[in-house]
Amino acid sequence: MPEAARRDRVFLVMVDDSQERRVAMRYACLRARNGGGRVALLRVIEPEGTVEWAGVGAMLQEERREEAEKLLSALAAEVQEITGGLPILLIREGETRDELLALLEEDPRLSILILASGVNGGGPGPLITALTGRYAPRLRVPLTIVPGNLDDAELARVT
């Protein structure tokens with residue numbers, strides 16, 4: 001693979017609240033470090049339920065955005081420690097699946113989507129189910145599904 005192509009690869013990781021998120025992010029970081037490329041972190045802020053007052057809804061949304069920014073900043077430090085480079089930080093508002101698919105269609109920098117499977121034996125989560133089923137034709141990048149129960153030694157071995 002030409003060196004320029006290796007540097008241009010961007011590994012996209014969904015930043016949700018699952019415990020397997022750490023595995024997906026670490027896998028993406030190790031792939032970027034070992035094979036060249038960058039990591040992008042996406043946090044989607046899902047809409048609040050019905051809020052009676054618009055001002056309260058706006059305040060809640062702003063709080064959620066601030067929380068997303070803090071989380072991504074903390075994760076960015078981890079990514080930089082592993083890869084030596086700063087990640088691309090992305091925040092979108094809407095339904096997770098829809099925002100992810102829209103981003104993949106809009107951003108040509110993104111090369112590979114990294115997700116981790118659940119660790120509790122309950123089968124794939126709703127996002128993996130959607131992206132490997134009904135919405136698979138809308139993916140324009142390869143999807144890598146990492147077993148969510150891999151430890152650091154196993155991740156190092158497979159990257």
(message) Contact between Leu139 and Leu131 at the side-chain level, heavy atoms closer than 4.5 Å - yes or no?
(response) yes

(request) Please name all residues satisfying salt bridge (charged side-chain N to carboxylate O under 4.0 Å, His left out) with Arg97, sequence neighbours left out, ordered by chain then number. (result) none

(message) Among residues at least two apart in sequence or on other chains, which ones pass salt bridge (charged side-chain N to carboxylate O under 4.0 Å, His left out) with Glu67?
(response) none

(message) List the residues meeting side chain to side chain contact (heavy atoms under 4.5 Å, CB included) with Ala156, not counting sequence neighbours, and say none if there are none.
(response) none

(request) Check whether any side-chain heavy atom of Leu100 sits under 4.5 Å from a side-chain heavy atom of Leu127, and report yes or no. (result) yes

(request) Determine which pairs satisfy salt bridge (Lys or Arg N to Asp or Glu O under 4.0 Å) with at least one residue from residues 80-92, sequence neighbours left out, and list them in order. (result) Arg92-Glu99, Arg92-Glu106

(request) Sequence neighbours left out, what passes salt bridge (charged side-chain N to carboxylate O under 4.0 Å, His left out) with Glu20? Give chain and number order. (result) none

(request) Give every residue pair that meets the salt bridge (Lys or Arg N to Asp or Glu O under 4.0 Å) criterion with at least one member in residues 142-159, sequence neighbours excluded. (result) Arg22-Asp152, Arg26-Asp152

(message) Holding to salt bridge (charged side-chain N to carboxylate O under 4.0 Å, His left out), I want the full list of residues that pass it with Glu105, two or more places apart in sequence or in another chain.
(response) Arg138

(request) State, with a plain yes or no, whether a side-chain heavy atom of Ser111 is found less than 4.5 Å away from one of Val141. (result) no

(request) Name all residues meeting the side chain to side chain contact (heavy atoms under 4.5 Å, CB included) criterion together with Glu95; count only those two or more places apart in sequence or in a different chain, and write none if there are none. (result) Glu46, Pro47, Asp98

(message) Under 4.5 Å side-chain heavy-atom separation, chaining through any Ile, Leu, Val, Met, Phe, Trp or Tyr, what else clusters with Val23? Say none if it is isolated.
(response) Phe11, Val13, Val15, Met25, Tyr27, Leu30, Val39, Leu41, Ile45, Leu71, Leu72, Leu75, Val79, Ile82, Leu89, Ile91, Ile112, Ile114, Val146, Leu150, Leu155, Val158

(message) Check Arg65 with Glu93, please: is the shortest side-chain N to carboxylate O separation under 4.0 Å?
(response) yes

(message) When you compare the side chain of Ile128 with that of Leu143, does any pair of heavy atoms fall below 4.5 Å?
(response) no

(request) Would you please name every residue forming a side chain to side chain contact (heavy atoms under 4.5 Å, CB included) with Leu86, sequence neighbours left out? (result) Gln80

(message) Any non-hydrogen side-chain atom of Leu104 less than 4.5 Å from a side-chain atom of Leu12?
(response) yes

(request) Using the test side chain to side chain contact (heavy atoms under 4.5 Å, CB included), find all partners of Glu63 that sit at least two apart in sequence or belong to another chain. (result) Met59, Leu60

